[in-house]
Amino acid sequence: MDRPVNLSQRAADGAAFARIIAAESEQDVRRCYQCGKCTAGCPVAFAGDVMPHQVMRFLQLGMKEDALGNRMIWLCSTCSTCTTRCPCGIDLARVMDCLRIAAREEGRTAAGREVALFNRTFLDSVRRFGRAHEASLAALLNLKGGRPLKDIDLGIKFLARGKLKLAPTRAGRGAVARLFAASRREEAGG
């Protein structure tokens, strides 16, 4: 027989967890009113299992398992687009950082090799073009992931509507190259 679930205790634990994340991130997650602007601007939302605004809702509701058990916290590139778009001034990228730290402290790892593959491919795209190029990013992820035709119908629809560009836009490559070089120097300790 399964053990009975103490819902009051789970709710209290979830609320305590949400307070911890709010304190560590110095963000009042209760202010989020689910407008979805963070999700609309997120460059990695297409690859997530839940959207950034849903992660905020999990926190508001004290749903710790859902807040820590999704791929989005690992996919977040900390680009801060969500933060700049938030009408409530919530630094969502910082909240995501705190969630990743909490997940690691609990021994949770990134949700499979797909997340690591996505991180490498995304950074390679930014390094190469100065920004993420969604079409090549999706194609490379599908090829490297062994599912070359995954979501092909969706990609065709996006192309037809002009939402996805075949040719990458190259912008700010010099500045991005300097950022990557500075990051490598810092990782090397100098």
Side-chain angles (χ1 to χ4, degrees), residues 2-126 131-132 134 137-138 141-142 144-145 147 150-151 154 183 187:
D2 292 331
R3 289 181 23 200
V5 176
N6 184 337
L7 294 177
S8 297
Q9 184 59 48
R10 279 202 177 174
D13 291 347
F17 173 73
R19 283 193 299 275
I20 290 168
I21 294 298
E24 291 186 9
S25 67
E26 299 175 342
Q27 303 301 307
D28 186 355
V29 297
R30 296 172 302 174
R31 293 179 55 203
C32 174
Y33 57 86
Q34 297 290 298
C35 69
K37 283 192 163 206
C38 54
T39 296
C42 178
V44 297
F46 71 90
D49 53 348
V50 297
M51 299 296 109
H53 73 279
Q54 291 175 307
V55 173
M56 294 298 284
R57 191 67 174 156
F58 293 149
L59 281 174
Q60 290 173 329
L61 296 174
M63 300 169 66
K64 179 181 177 182
E65 289 301 315
D66 294 294
L68 294 180
N70 67 77
R71 289 183 347 154
M72 181 51 75
I73 65 171
W74 299 104
L75 291 174
C76 174
S77 62
T78 319
C79 68
S80 296
T81 301
C82 51
T83 299
T84 59
R85 295 175 60 99
C86 180
C88 298
I90 299 171
D91 188 345
L92 188 58
R94 194 168 183 174
V95 172
M96 293 290 198
D97 280 342
C98 289
L99 287 171
R100 279 191 296 271
I101 291 168
R104 270 193 232 115
E105 287 174 354
E106 290 194 0
R108 299 172 192 238
T109 57
R113 84 176 191 92
E114 286 183 20
V115 173
L117 176 64
F118 177 84
N119 286 337
R120 276 194 313 274
T121 309
F122 179 84
L123 289 175
D124 286 345
S125 179
V126 171
R131 59 178 18 173
E134 291 90 355
L137 179 59
L141 279 173
N142 287 349
K144 291 177 180 178
R147 297 178 294 179
K150 180 179 179 262
D151 297 329
L154 190 60
S183 175
E187 286 177 1

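Since we're looking at a predicted model, the values are computed, not measured.
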Hey, what do you get for OG (S25) to CD1 (I90), rounding to the nearest 0.5 Å?
-> 9.0 Å

Distance only, no hydrogens: is a donor on one side chain within 3.5 Å (strictly under) of an acceptor on the other, for R57 and Q54?
-> no

Rounded to the nearest 0.5 Å, what separation is found between the CG atom of D91 and the OG1 atom of T83?
-> 4.0 Å

In Å and rounded to the nearest 0.5 Å, what is the SG to CE distance from C86 to M56?
-> 7.0 Å

Search all heavy atoms of A67 against all heavy atoms of L59 and return the closest pair with its distance.
-> CB-CD2, 4.3 Å

All heavy atoms of M72 vs all of P52, minimum pair found to be CE-CD, 4.0 Å

Nearest 0.5 Å, what's the CG-CD distance between L68 and E106?
-> 5.5 Å

Shortest non-hydrogen contact between C98 and I21, atoms and distance | O-CD1, 3.9 Å

Distance-only, no hydrogens or angles: does the Q60 side chain make a donor-acceptor pair with backbone N or O of V29 under 3.5 Å?
-> yes

Report the residues that fulfil side chain to side chain donor-acceptor pair (under 3.5 Å) with D49, sequence neighbours left out, ordered by chain and then residue number.
-> none

Pairing residues for F122 by the ring pair (Phe, Tyr, Trp, His ring centres under 6.0 Å) criterion, not counting sequence neighbours = F118

Output all residues satisfying salt bridge (charged side-chain N to carboxylate O under 4.0 Å, His left out) with E24, sequence neighbours left out; order by chain, then residue number.
-> none

So which pairs with a foot in residues 92-101 pass salt bridge (charged side-chain N to carboxylate O under 4.0 Å, His left out), sequence neighbours left out?
-> E26-R94, D97-R100

Going from CZ on F58 to CD1 on I73, what distance comes out if it is rounded to the nearest 0.5 angstrom?
-> 11.0 Å

For R147, which residues count as a salt bridge (charged side-chain N to carboxylate O under 4.0 Å, His left out) partner, sequence neighbours excluded?
-> E114

For A93 and T78, which heavy atoms make the closest approach, and how far apart are they?
-> CB-CG2, 4.1 Å

Measure the CZ-CE distance between F46 and M51 for me, rounded to the nearest 0.5 Å.
-> 10.0 Å

Which atom pairs, one a donor and one an acceptor, fall under 3.5 Å between side chains of residues 32-44 and the rest of the protein, sequence neighbours left out?
from	atom 1	to	atom 2	distance (Å)
Q34	NE2	H53	O	2.9
T39	OG1	H53	N	3.2
T39	OG1	H53	ND1	2.7

